[in-house]
*Asks:* 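Supplied in C-alpha cells, the structure appears directly below.
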Amino acid sequence: MDIFEILTLMDEKEIQVNKRLDSIISSNPDPFPFERINKGKSLLKLMEEIRKCIETDQLLLAGMKLKELEFQGINIVNK
C-alpha cells in the first residue's frame, strides 16, 4: 500500500471519528462520557502525528504510529 492510499484512508477514518465524537456529545449532554471523548481526541491526535511523520519522510516512525493506531482499534492498512 502506498503513502497516498494510507493518507486517503486516514482522511476517511478521521471523518468517521469526528462524526462519532459529535454523536457522542449530542446524545449525552449530561453527564459527558469523558472516556469515549478522550479516546476519540487521542485517535485524531495520533492520526495527525502520522500525517506529519509522512510529510517529513519519517516513514519508520509513521509505521510505528500506524501500529499504535491499530492497537487502539483503527485499522488503516488491510493485511
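Because the structure is predicted, anything quoted here is derived from the model rather than measured.
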*Asks:* What verdict does the side chain to side chain contact (heavy atoms under 4.5 Å, CB included) test give for Leu69 and Lys13, after you've listed the backbone C-alpha separation in whole Å, the side-chain angles of each residue and the deciding distance to 0.1 Å?
*Replies:* CA-CA 11 Å; Leu69 190 64; Lys13 293 294 182 180; over 6 Å; no
*Asks:* Rounded to the nearest 0.5 Å, how far apart are CG of Asn18 and CG of Asp22?
*Replies:*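 Taking CG in Asn18 and CG in Asp22, the distance rounds to 6.5 Å.
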*Asks:* Taking atom OG1 of Thr8 and atom CD of Glu5, what is their separation to the nearest 0.5 Å?
*Replies:*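 So the OG1 of Thr8 and the CD of Glu5 are separated by 7.5 Å.
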*Asks:* Could you measure the distance from the OG1 atom of Thr56 to the CG atom of Leu61? Nearest 0.5 Å is fine.
*Replies:*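 Spacing of OG1 (Thr56) from CG (Leu61) equals 8.0 Å.
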*Asks:* So which atom in Val17 and which in Gly40 form the shortest heavy-atom distance, rounded to 0.1 Å?
*Replies:*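 For Val17 and Gly40, the tightest heavy-atom pair comes out as CG1-O, 3.6 Å.
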*Asks:* Which atoms form the tightest heavy-atom contact between Leu59 and Ile3, and what is the distance?
*Replies:*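 Distance-wise, the nearest heavy atoms are CD2-CD1, 3.7 Å.
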*Asks:* Work out which heavy atom in Gln72 is nearest to a heavy atom in Lys39; give both atom names and the distance.
*Replies:*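 So the two residues come closest at O-NZ, 3.2 Å.
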*Asks:* For Asn75 and Glu70, work out which heavy atoms get closest and say how close.
*Replies:*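 Closest heavy-atom pair between Asn75 and Glu70: OD1-CG, 2.9 Å.
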*Asks:* Is the shortest heavy-atom distance from the side chain of Arg51 to the side chain of Glu48 under 4.5 Å?
*Replies:*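 Sidechains of Glu48 and Arg51: in contact.
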*Asks:* Please round to the nearest 0.5 Å and tell me the distance separating atom CD1 of Ile54 and atom NZ of Lys65.
*Replies:*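 Answer rounded to 0.5 Å: 11.5 Å.
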*Asks:* Glu14 and side chain to side chain contact (heavy atoms under 4.5 Å, CB included): which partner among Leu44, Ile74, Leu43?
*Replies:*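 Running side chain to side chain contact (heavy atoms under 4.5 Å, CB included) over Leu44, Ile74, Leu43 with Glu14 returns exactly one hit, Leu44.
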*Asks:* Using side-chain heavy atoms (C-beta onward) and a distance below 4.5 Å, is Leu9 in contact with Glu12?
*Replies:*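 The answer is yes; the side chains approach within 4.5 Å.
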*Asks:* So which atom in Arg36 and which in Ile24 form the shortest heavy-atom distance, rounded to 0.1 Å?
*Replies:*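 Answer, listing the atom of Arg36 first, then Ile24: NH2-CG1, 3.6 Å.
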*Asks:* At their closest point, which heavy atom of Leu21 faces which heavy atom of Lys41, and how far apart are they?
*Replies:*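 Minimum heavy-atom contact is CD1-N, 4.2 Å.
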